[in-house]
Amino acid sequence: MAQWQKTAYRIEYAYVCHIGKIRNNNEDNFWCCGELLPAQNQGMDHIRSGSVSQKELPLLAVFDGMGGESCGEMASYIAASSCGEYYEQYREEISEDPEQFLKNACIRMNQAVCDYSAENKIRSMGTTAAVLAFAGNQVYGCNLGDSRIYQAEDSQFRRVSRDHVLGGSLFGKSPLTQYVGIPEESMALEPSIVKMEVHPGMRYLLCSDGLTDMLSDGEIADILTRELPVQETVELLLERALKKGGRDNATLVLCEIREPEKTWFHKMLDRMHKRDEGDEK
């Protein structure tokens, strides 16, 4: 095991939720290290950033709500809120069984949205979800719908989420086959979950289709693989999406794995290791 993995790594992150240039309301939301937006909001007026230790088992998520008459923003808010509540209650399960944690979190979010829909006699409401959970030397991505997760390291770039949509549509966007808010009697909730390795310098981007409908994967890759700080990268991605029309709400959460700060003890071990290597020569 690499020396850096013996100590908890740090995760630098930046995020924004923007209403776009066309919509009058914001149906997106997020969960980022305890932060989310209220149900009724006009997005964020600036990009926020921070840093967290892997020891804290951080959770990041993006939600894109669907449904008329304010149902979309309620769905994304309920999902973000219930996701956060489940995380606060069962955070330790991420290190024990991350896949089961994510499945259970999706079930909790789905039930919360369905309960609200039933109580308020709403026929159609729901939200996408894209979630990242950090567990030791792996990170687990989970998604429902077409909000995406990308991974980038140096010049390497790939989409790791799966779009849950029907085949091509002649009129507008294709309907979703999976989302948060599926009634139990309609179809089974089947989130896509993928396990990824963690390395210093590796980046993960969560985003709603307000970004991916404006920029191609190639355009996102070009920006994401540049040697820019995470906050500047998010700023540039959002700027490009708005410049291309900003037709929808756009939410981006970007994080980068950073090597941990070495304690005096680890520095001493390094010196001893280098000294031993010198003696052997």
Worksheet item: So, do Val52 and Tyr13 sit near enough that their side-chain heavy atoms are less than 4.5 Å apart?
Response: yes
Worksheet item: Taking side chain as C-beta onward, heavy atoms only, is Asp64 less than 4.5 Å from Asp209?
Response: yes
Item to complete: Spell out, yes or no, whether Met187 and Met125 are grouped together once hydrophobic residues are joined by side-chain heavy atoms under 4.5 Å, including indirect joins.
Response: yes
Worksheet item: Where do Gln151 and Met202 land on the side-chain contact (heavy atoms from CB on, under 4.5 Å) test, with the steps shown first?
Response: CA-CA 7 Å; Gln151 180 190 59; Met202 190 169 280; 3.4 Å; yes
Donor-acceptor contacts under 3.5 Å from residues 34-47 side chains, at least two apart:
unit_1	atom_1	unit_2	atom_2	d
Asn41	OD1	Asn26	ND2	2.6
Asn41	OD1	Gly43	N	2.8
Asn41	ND2	Pro38	O	2.8

Worksheet item: Do Thr225 side-chain atoms and Ala221 backbone N/O form a donor-acceptor pair below 3.5 Å?
Response: yes
Worksheet, complete the sentence: Taken to the nearest 0.5 Å, the spacing of Leu238 CG from Tyr15 OH works out to 14.5 Å
Worksheet item: Where is the tightest heavy-atom contact between Ser147 and Ser208, given as atom of each residue plus distance?
Response: OG-CA, 3.7 Å
Worksheet entry | Rounded distance (nearest 0.5 Å) linking atom CG of Asp163 with atom CG of Leu166 | 12.0 Å
Fill in: Salt bridge Arg258-Glu256, side-chain N to carboxylate O under 4.0 Å
yes
Practice prompt. Kindly write out the residues that satisfy ring-ring contact (aromatic ring centres under 6.0 Å, His included) with Tyr77, not counting sequence neighbours, or none if the list is empty.
Written response: none
Worksheet entry | With sequence neighbours excluded, residues passing salt bridge (charged side-chain N to carboxylate O under 4.0 Å, His left out) with Arg247 | none
Worksheet item: Looking only at heavy atoms, what is the nearest atom pair of Gly67 and Glu27, with distance?
Response: O-OE2, 3.3 Å
Worksheet entry | Atom CD of Gln156 with >12 non-hydrogen neighbours under 6.0 angstrom | no
Discussion item. For the CD atom of Gln54 and the CZ atom of Phe134, what is their distance to the nearest 0.5 Å?
Written reply: 9.5 Å
Worksheet item: Under 6.0 Å between the ring centres of Phe30 and Phe63?
Response: no
Worksheet item: Do Asn25 and Glu73 pass the side-chain contact (heavy atoms from CB on, under 4.5 Å) test, and can you show the C-alpha distance, the side-chain angles, and the key distance before you say yes or no?
Response: CA-CA 8 Å; Asn25 61 327; Glu73 45 261 58; 3.2 Å; yes
Worksheet item: Does the salt bridge (Lys or Arg N to Asp or Glu O under 4.0 Å) test come out yes or no for Glu219 and Lys244, once each step is laid out?
Response: CA-CA 12 Å; Glu219 290 171 308; Lys244 284 208 164 189; 2.5 Å; yes
Worksheet item: Would you say Trp31 and Leu57 are hydrophobically clustered, going by side-chain heavy atoms of ILVMFWY under 4.5 Å?
Response: yes
Discussion item. Among Val160, Asp217, Leu211, which residue satisfies the side-chain contact (heavy atoms from CB on, under 4.5 Å) criterion with Tyr150?
Written reply: Asp217
Practice prompt. Identify the two heavy atoms, one from Gly126 and one from Ala75, that lie closest to each other, and give their separation to 0.1 Å.
Written response: O-CB, 3.2 Å
Worksheet item: Going by heavy atoms in the side chains, are Gln178 and Leu189 under 4.5 Å from each other?
Response: yes
Worksheet item: How long is the gap from OG on Ser76 to CG on Asn29, to the nearest 0.5 Å?
Response: 4.5 Å
Practice prompt. Flag yes if Val165 and Val194 sit in one hydrophobic cluster, no otherwise; membership is Ile, Leu, Val, Met, Phe, Trp, Tyr, and two members link when side-chain heavy atoms are under 4.5 Å apart.
Written response: no
Fill in: Hydrophobic cluster identity match, Ile78 and Met66, side-chain contacts under 4.5 Å
yes
Response to the item:
Tightest non-hydrogen contact, residues Ala8 and Lys55, listed as CB-CG, 3.3 Å
Worksheet item: What distance separates Asp28 CG from Cys207 SG, expressed to the nearest 0.5 Å?
Response: 10.0 Å
Worksheet item: Does a side-chain heavy-atom distance below 4.5 Å link Val131 with Leu59?
Response: yes
Practice prompt. Check the pair Glu93 / Glu96 against side-chain contact (heavy atoms from CB on, under 4.5 Å), numbers first and verdict last.
Written response: CA-CA 5 Å; Glu93 289 184 4; Glu96 297 165 4; 4.2 Å; yes
Response to the item:
Here the pair of heavy atoms bringing Cys114 nearest to Ile182 is SG-O, 3.4 Å
Discussion item. If the condition is salt bridge (charged side-chain N to carboxylate O under 4.0 Å, His left out), which residues does Asp222 pass it with, not counting sequence neighbours?
Written reply: Arg226
Discussion item. Looking at Asn120, I want to see if its CG is surrounded by more than 12 non-hydrogen atoms of other residues, nucleotides or ligands under 6.0 Å.
Written reply: yes
Worksheet item: Any side-chain heavy-atom pair from Met196 and Arg158 closer than 4.5 angstrom?
Response: yes
Could you list the donor-acceptor pairs under 3.5 angstrom formed between side-chain atoms of residues 139-146 and any protein atom two or more places apart in sequence or on another chain?
unit_1	atom_1	unit_2	atom_2	d
Asn143	OD1	Arg162	N	3.2
Asn143	ND2	Gly145	O	3.3
Asn143	ND2	Arg162	O	2.6
Asp146	OD2	Lys173	NZ	3.2

Worksheet item: Going hydrophobic residue to hydrophobic residue with side-chain gaps under 4.5 angstrom, can you get from Leu236 over to Leu205?
Response: yes
Worksheet item: Going by heavy atoms in the side chains, are Glu259 and Tyr9 under 4.5 Å from each other?
Response: no
Discussion item. Can you pull out every side-chain hydrogen bond (donor to acceptor under 3.5 Å, both in side chains) where at least one residue sits in residues 180-190? Sequence neighbours excluded, please.
Written reply: none
Worksheet item: Should we say atom CD of Glu88 is surrounded by more than 12 heavy atoms from elsewhere, each under 6.0 Å from it?
Response: yes
Discussion item. Quick check for you: to the nearest 0.5 Å, what is the distance between Cys33 atom SG and Tyr87 atom OH?
Written reply: 6.5 Å
Worksheet item: Stepwise, does the side-chain contact (heavy atoms from CB on, under 4.5 Å) test hold for Met74 with Tyr116?
Response: CA-CA 9 Å; Met74 281 307 303; Tyr116 180 89; 3.7 Å; yes
Worksheet, complete the sentence: Asn110 and Gly181 have their tightest heavy-atom pair at OD1-N, 2.6 Å
Worksheet entry | Heavy-atom side-chain contact between Glu12 and Ser49 under 4.5 Å | no
Fill in: Single hit among Val230, Leu206, Leu60 for side-chain contact (heavy atoms from CB on, under 4.5 Å) with Leu254
Val230
